[in-house]
S.K.: 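The structure under discussion is supplied below as structure tokens; questions concerning it will follow.
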Amino acid sequence: SDMPAVCARTFDARAALAIAALAFVIRCAWGLAAGVTPGAAFDDSLWYHRVATTLAAGSGYTSPISGQPTAAWPPGYPFVLALGYRLLGAGPATAVVMNAVFGALTCLLVARLGARLAGPRAGLLAAALLACYPGHVFFAALVLSETLFTCLVCGLLLAAVARLAGALAARPLRWLAWGIGVGATALVRAESVVLVLVPAVSLAWAGERRAAARILAATAVGALLA
């Protein structure tokens, strides 16, 4: 019977959701208690907060210093933050709640990634460790891009592992959308553009060099499109 396997998957899913809920609560509690407000000094958090506020007001991606259109700082996080500001108000508490959501989603992604690579127990253990990991918790109080970035990278890695394990792993079109995801993530933190190499390097390491070249072209085109 498949009943024991179904029950095991159900338990794992419920456990992962419970860990994610715990991560959300911990991050909200810390973030709101810390009461960190951007503006004490000119740093990345002040930039993100002010630009997101401007975007939420419909005034475009402009510098909080000059008031002119700018290309400074990657725009991905301010745009995401601006959506939250439009819905919940332009305040640090909104950023805390959003960071808590991103942190909880990251725990779910880590649970799935760990399960694929090392089994369900390893996935749940990794998710539980991340839920309580001080460095990741502390960032929930800050109006910075790291929490969103970590969530996006974990999602990309999970998608890459799933595709590489499939029978059609070497088909380039399967990787075009993944490359677009890499490009979008690079708009949050630019260094993530190197992720376009990951699937191709993995296949080249396995001896599939022609497939690796095709996939590298597909992921690079997707990133450029984004």
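FYI, side chains are in, hydrogens and waters are out, and symmetry mates aren't considered; it's all heavy atoms of this structure. Note that this is a predicted model, so its numbers are computed, not measured. Numbers here are sequence positions counted from 1.
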S.K.: Is it possible for you to say whether L83 and L88 belong to one hydrophobic cluster, with membership spreading through side-chain heavy-atom contacts below 4.5 Å?
M.R.: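 In one cluster: no.
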S.K.: Going from CZ on F139 to CD on E146, what distance comes out if it is rounded to the nearest 0.5 angstrom?
M.R.: 4.5 Å
S.K.: Using modelled atom types only, decide if a donor and an acceptor are shared between the side chain of S192 and the backbone of A186 within a distance under 3.5 Å.
M.R.: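 Yes; judged by distance alone, with no hydrogens or angles, the pair exists.
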S.K.: Should W73 and V51 be marked as a side-chain contact (heavy atoms from CB on, under 4.5 Å) after you check the CA-CA gap, both sets of side-chain angles, and the distance that decides it?
M.R.: CA-CA 10 Å; W73 276 266; V51 172; over 6 Å; no
S.K.: Assigning hydrophobic clusters by single linkage (Ile, Leu, Val, Met, Phe, Trp, Tyr; side-chain heavy-atom cutoff under 4.5 Å), is L142 placed with L46?
M.R.: yes
S.K.: Verify, without hydrogens or angle tests, whether R112 (side chain) and L158 (backbone) share a donor-acceptor contact under 3.5 angstrom.
M.R.: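 No.
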S.K.: Taking all heavy atoms of P199 and all of W175, pick out the closest pair and write down the distance.
M.R.: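 Taking P199 first and W175 second, the nearest heavy atoms are CG-CZ3, 3.4 Å.
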S.K.: How many angstroms lie between CG in L113 and CG in L157, if you round to the nearest 0.5 Å?
M.R.: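 Rounded to the nearest 0.5 Å, the CG-CG separation comes out at 6.5 Å.
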S.K.: What's the shortest heavy-atom distance between L216 and V196, and which atoms?
M.R.: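 Here L216 and V196 meet closest at CD1-O, 3.8 Å.
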S.K.: Mark yes when over 12 heavy atoms from residues, nucleotides or ligands other than W30 sit less than 6.0 Å from its CH2; otherwise mark no.
M.R.: no
S.K.: Given the rule that I, L, V, M, F, W and Y join up when any side-chain heavy atoms are under 4.5 Å apart, are V182 and V201 in one cluster?
M.R.: yes
S.K.: Please give me the minimum heavy-atom distance between N99 and A140, naming the atom from each residue.
M.R.: ND2-O, 3.2 Å
S.K.: Specify the closest pair of heavy atoms between A52 and A82, including all atoms of both residues, with the distance to one decimal.
M.R.: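 That would be O-CB, 3.5 Å.
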S.K.: Determine whether I215 and L164 fall in the same hydrophobic cluster, where Ile, Leu, Val, Met, Phe, Trp and Tyr are linked whenever their side-chain heavy atoms lie under 4.5 Å apart.
M.R.: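 I215 and L164: one cluster.
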S.K.: Which residue is it: F102, W47, Y61, Y48? I am looking for the one with a ring-ring contact (aromatic ring centres under 6.0 Å, His included) to Y77.
M.R.: Y48
S.K.: Go through it in stages, so that I can follow the logic: the residues are V137 and C132, the test is side-chain contact (heavy atoms from CB on, under 4.5 Å), and I'd like the CA-CA distance, side-chain angles, deciding distance and then a yes or no.
M.R.: CA-CA 7 Å; V137 172; C132 303; 5.8 Å; no
S.K.: When you look at CZ of R86, are more than 12 heavy atoms from neighbouring residues, nucleotides or ligands closer to it than 6.0 Å?
M.R.: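 No.
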S.K.: Please step through side-chain contact (heavy atoms from CB on, under 4.5 Å) for the pair Q68 and T62, ending with a clear verdict.
M.R.: CA-CA 5 Å; Q68 299 299 312; T62 56; over 6 Å; no
S.K.: Side-chain contact test, heavy atoms from C-beta onward, threshold under 4.5 Å: evaluate it for V188 versus P74 and give yes or no.
M.R.: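 They are not in side-chain contact.
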S.K.: Taking R27 for the side chain and A104 for the main chain, is one N or O donor matched with an acceptor at less than 3.5 Å?
M.R.: no
S.K.: Give me the atom names and distance for the closest heavy-atom approach of M98 to G84.
M.R.: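 Heavy-atom minimum between the residues: SD-CA, 3.7 Å.
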S.K.: Could you tell me which non-hydrogen atom of V143 sits nearest to which non-hydrogen atom of A95, and how far apart they are?
M.R.: CG2-CB, 3.8 Å
S.K.: When hydrophobic residues are tied together by side-chain contacts of less than 4.5 Å, even through go-betweens, does L32 share a cluster with Y85?
M.R.: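 The answer is no; the residues belong to distinct hydrophobic clusters.
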S.K.: Please round to the nearest 0.5 Å and tell me the distance separating atom CG of L81 and atom OG1 of T53.
M.R.: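 Reported to 0.5 Å precision, the distance equals 7.5 Å.
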S.K.: Determine yes or no for a side-chain-to-main-chain donor-acceptor pair under 3.5 angstrom, with W178 supplying the side chain and L156 the backbone.
M.R.: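 Side chain of W178 to backbone of L156, a donor-acceptor pair under 3.5 Å: yes, one is there.
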S.K.: Measuring from atom CG of L195 to atom CG of L152, what distance do you get when rounded to the nearest 0.5 angstrom?
M.R.: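 Interatomic distance, L195 CG to L152 CG, rounded to 0.5 Å: 10.5 Å.
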S.K.: Calculate, to the nearest 0.5 Å, the distance between atoms CG and SG belonging to L22 and C107 respectively.
M.R.: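 These two atoms lie 8.0 Å from each other.
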S.K.: Measuring from T185:OG1 to E191:CD, what's the distance to the nearest 0.5 Å?
M.R.: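 T185 atom OG1 to E191 atom CD measures 11.0 Å (nearest 0.5 Å).
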S.K.: Output yes when a side-chain donor or acceptor of S202 lies under 3.5 Å from a complementary backbone atom of V198, and no otherwise.
M.R.: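 Side chain of S202 to backbone of V198, a donor-acceptor pair under 3.5 Å: no, none is there.
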S.K.: Quick check: does any side chain N or O of T94 sit under 3.5 Å from a backbone N or O of A90, one acting as donor and the other as acceptor?
M.R.: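 Here the side-chain-to-backbone pair does not exist.
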